[in-house]
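This report concerns only the one structure given below.
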Amino acid sequence: MSNPKPRDRRRDYMRWSRTFIPTMKETPADADITSHRLMLRAGLIRKVTAGAYTYLPLGLRALAKAENIVREEMDRAGAVEILMPALQPEDLWAETGRIETFGPDLVRYIDRHERTLIFGPTHEEVVTDLVRHHISSYKQLPVTFYQIQTKFRDEVRPRFGVLRSKEFLMKDAYSFNPGEESLEKSYRDMHEAYRRICERAGLPYVVVAAESGAIGGDVSEEFMVPCEAGEDSIATCDCGYSANVERAEAAAETPEKASPPGRLEVVETPGCTTIQAVSGFLKVEPRRLIKTLIYSADGAPVAALVRGDHELNETKLLRVTGAGEIQLADAATIERVTGAPVGFAGPVGLDIPIYVDHAVAALAWGATGANKADAHMVNVVPGRDFALTESADLHTVTEGDRCPKCKETFRIGRGIEMGHIFKLGRKYSETMGATFLDENGKSKVLTMGCYGIGINRIVAAMIETSFDEKGIIWKMGIAPFHVEIVALDMRNADVRAASEILERSLEAAGIEVLYDDRDATAGVKFNDADLIGLPLRVTIGARSLKKGTVELKRRDSEEVLSTAIESAVETIAGEVARDLEWQRREE
RNA sequence: CGGGGUGUAGCGCAGCCUGGUCAGCGCGCCUGCCUUGGGCGCAGGAGGUCGGCGGUUCGAAUCCGCCCACCCCGACCA
């Protein structure tokens, strides 16, 4: 294991027979998403153990391409590259208290001196430590450090190939600013850099408001690549509002105008402790059930009410309660507070603070637990049978919810979290004592931002959004090579000679070329070419050679272009240049 | 961590229920011939502690127990 260094300039041509591209006809049994399957089949990666992969030549080249795009855009944005160690002393993490925040996800070990070391999943502590020691004046600010490095997480369940692994390549950047205004500028610069990275890598993307989780901070946004294989759900609206479902707000629903079909009463519901069971037993739709969750907010019990078909969003509850931390109450507390075993809690008669979700408040009537074993209440009317003083947005946004800005119904889709940028504020600088002297010689706490991008995810997400039944369809920006030469008959000296000349000419013209020089039949070569999916393919066969032509085909089109050998290099260079135009245009 | 499942040749799998010529198939690999515009054909060949340990039995890939690894669903997720 080693940290990636800035890669040396590598040879930009390669021969199939001399490198290692183990393609597979059959699909490995444990690959369930497209990118994983294709990365395995096209010979980009091989699994070593759960959540850890070897990158083979083709995969490595794509990864290096992605890495270099990121590096170039970071440099362009004025960030300065450093390389911090993967190994970090636990003491640093003790300073910020994040050993608990991360918990078992932290990869740790105890060395021979009984010191605990952490394989870093992120580097806020280490950079802040660096800065607190070596930056002391406003004259040195603002500054943004970044690194591209291997990170570690003891994932509960590694899956989706390279998308969720225990070890992954990541670019993380940290800005140190004298104040809010400066942070705003750094944040916007990074936002712009991320936009450019997506464009250059050929990734469709959407920027969404996000939850900052264990990294912290008030504002954060994610760069999402929309696709089915994504692990995150995102809510988007035509008005421009878009947010991770964990973060998205739901507009309050208009109250129903109806009266309950009967009188408030308690009914026996033996053994019905789940929404599904109660719904079936009482013949009441899940959306009419008022789910009553007992939480412990800084030790004191509170109740949170959401509809049976909704999920409570703990972060929203945390905000509303204003507590430092909340957690689902244990069974004993629930029994003490409600007087009933878990599964039969209800708001009627509860003597603790009750937080009601908007959607529950809008219900004309519903059913809920009776605070009594094996019993529920029906025809409960919010506001009549229990107080509605604390109505708030508490549930996780789902299908059918409406945009808080324009009240239109959200579209809910899935996405791969490719990048995440945070305005950290002073969370780390404050606790770790990172300060500077301003123009007046006064000591101030630094303001920080933090910006991450998953390099492996760039590659996987690109494949996930660009393939067909035959294989990968690389975008020029991160394709392992620009063009593949397919020589149809290696025993034919003319074909060989023409192929080699073209290979050299392309390389001389700065085109990255893979030459399939294997003594294999046309079918094998064509199928492999489609599988590995380089953007361009040149076919050289005896047939067309006689006419003095070769064939050029784009992987993303069915069209085959016959072109004179003499102009082949020029034509190919033109195609490559056109595909890479975006990045050149803005240089 | 809860639920489910799998482990037999490099890959994909059959065999296990019903113990005894079951160490088998397809792909891949090696040799020779052949073929060269879409995974070609013929012939020959190499390759497996049947995940590990222990138990039952005259005999275990097969039955039992423990362990390990991996996968799927869920919980979780900077």
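Just so you know, these numbers use all the heavy atoms, side chains as well, and skip hydrogens, waters and symmetry mates. In what follows, chains are A, B, ... by sequence order, proteins preceding strands, each numbered from 1.
Pairing for A14(B) is absent, judged as Watson-Crick or G-U wobble with the two contacts each under 3.5 Å. Across all strands shown, the partner of C66(B) is G52(B), judged by Watson-Crick or G-U wobble contacts whose two distances both fall under 3.5 Å. Remark: G44(B) base-pairs with C30(B). Criterion, Watson-Crick or G-U wobble with two distances under 3.5 Å. Nucleotide A61(B) forms no Watson-Crick or G-U wobble pair with any nucleotide shown, as no partner meets the under 3.5 Å limit on both distances. For A75(B), there is no paired base (Watson-Crick or G-U wobble, both distances below 3.5 Å).
Going from the C1' atom of G45(B) to that of G38(B) covers 29 Å, rounded to whole Å. Using atom P as the reference point in both C22(B) and C40(B), the two lie 32 Å apart (nearest Å). One C1' atom belongs to G10(B), the other to C63(B), and the distance between them is 31 Å to the nearest Å. Only the C1' atoms considered, U21(B) is 43 Å distant from C73(B), to the nearest whole Å. Remark: the separation of the C1' atoms in C64(B) and G39(B) is 46 Å, to the nearest Å. For the C1' atoms, the distance from G3(B) to A75(B) is 11 Å, rounded to whole Å. Separating the C1' atom of U35(B) from that of G41(B) is a span of 8 Å, rounded to the nearest Å. Remark: the separation of the P atoms in G7(B) and U62(B) is 12 Å, to the nearest Å.
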Using nucleotides 1-4 of chain B, report all nitrogen or oxygen pairs with the protein that are shorter than 3.5 Å.
none

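Of the possible donor and acceptor atoms, one in the side chain of S466(A) sits under 3.5 Å from a partner among the backbone N and O of I473(A). A donor-acceptor pair under 3.5 Å links the side-chain atoms of R46(A) to the main chain of L40(A), judged by distance alone. Between the D528(A) side chain and the K525(A) main chain, no donor and acceptor come within less than 3.5 Å of each other. Between the N456(A) side chain and the L169(A) main chain, a donor and an acceptor come within less than 3.5 Å of each other. When atom types are taken as modelled, the side chain of T128(A) and the backbone of E125(A) share no donor-acceptor pair closer than 3.5 angstrom.
Salt bridge annotation for E184(A)-K423(A): present, with a cationic side-chain nitrogen under 4.0 angstrom from a carboxylate oxygen.
Taking atom CG of residue L293(A) and atom P of nucleotide A75(B), one finds them 15 Å apart after rounding to whole Å. We find that CD of E469(A) is positioned 14 Å from C1' of G38(B), with the value rounded to whole Å. Distance L40(A) CG to C70(B) P: 16 Å, rounded to the nearest Å. Rounded to an integer number of Å, the gap from F160(A) CZ to C77(B) P is 16 Å. E231(A) has its CD atom 14 Å from the C1' atom of C73(B), to the nearest Å. Rounded to an integer number of Å, the gap from CD1 of I99(A) to P of A78(B) is 18 Å. Rounded to a whole Å, the CG atom of D494(A) is 15 Å from the P atom of G37(B). In this structure, L106(A) places its CG atom 13 Å from C1' of C77(B), rounding to the nearest Å.
The side chain of L488(A) approaches G37(B) more closely than any other nucleotide in the set C76(B), G37(B), C27(B). Here the nucleotide nearest the side chain of P28(A), chosen from A78(B), G12(B), G39(B), is G12(B). Picking from G38(B), C72(B), G37(B) the nucleotide with the shortest atom distance to the side chain of D32(A) gives C72(B). Of the candidate nucleotides G37(B), G12(B), C77(B), G37(B) has the atom nearest to the side chain of R543(A). When distances run from any side-chain atom of D30(A) to the nucleotides C77(B), A78(B), C70(B), the shortest one goes to C70(B). If you check C73(B), G37(B), C70(B) against the side chain of A522(A), the one that comes closest is G37(B). Here C27(B) is the nucleotide among C27(B), A78(B), C70(B) with the atom lying nearest to any side-chain atom of E26(A). When distances are taken from the side chain of A29(A) to each of G12(B), A78(B), C40(B), the shortest belongs to G12(B). Closest approach to the D530(A) side chain among G12(B), G37(B), G38(B) is made by G38(B) (side chain taken as heavy atoms from C-beta onward). With U35(B), A78(B), A75(B) as the candidates, the nucleotide lying closest to the side chain of T521(A) is U35(B).
Contact annotation: side chain of R98(A) to base of A78(B), donor-acceptor pair absent below 3.5 Å. You won't find any donor-acceptor pair under 3.5 Å spanning the side chain of T27(A) and the base of G12(B), going by distance alone. For D489(A) and G37(B), a side-chain-to-base donor-acceptor distance below 3.5 Å is absent, hydrogens and geometry of angles not being considered.
Inspection of the Y428(A) and R98(A) side chains reveals an N or O donor paired with an N or O acceptor under 3.5 Å.
Checking the phosphate oxygens (OP1, OP2) of C70(B), a side-chain nitrogen or oxygen of T49(A) falls inside 4.0 Å. Look at K25(A) and you'll find a side-chain N or O under 4.0 angstrom from OP1 or OP2 of G28(B).
S544(A) comes within 4.0 angstrom of a base, heavy atoms only. Using a 4.0 Å heavy-atom cutoff across all strands shown, A542(A) reaches no nucleic acid atom at all. R537(A) comes within 4.0 angstrom of a base, heavy atoms only. Contact annotation for R41(A): base contact, defined as any heavy-atom pair under 4.0 Å involving a base atom.
Using a 4.5 Å heavy-atom cutoff, the side chains of L56(A) and I21(A) are not in contact.
Nearest heavy atom pair, residue F223(A) against residue C198(A), reads CD2-SG, 4.2 Å.
Comparing D105(A) and N527(A) against RNA chain B, the residue whose closest nucleotide sits nearer the 5' end is N527(A). Between D519(A) and F422(A), it is D519(A) whose nearest contact on RNA chain B lies nearer the 5' terminus.
Atoms OH and OG, from Y146(A) and S175(A) in turn, are 15.0 Å apart once rounded to the nearest 0.5 Å.
In this structure, Y187(A) and Y451(A) have tilted ring planes: the angle between them lies in the 30° to 60° band.
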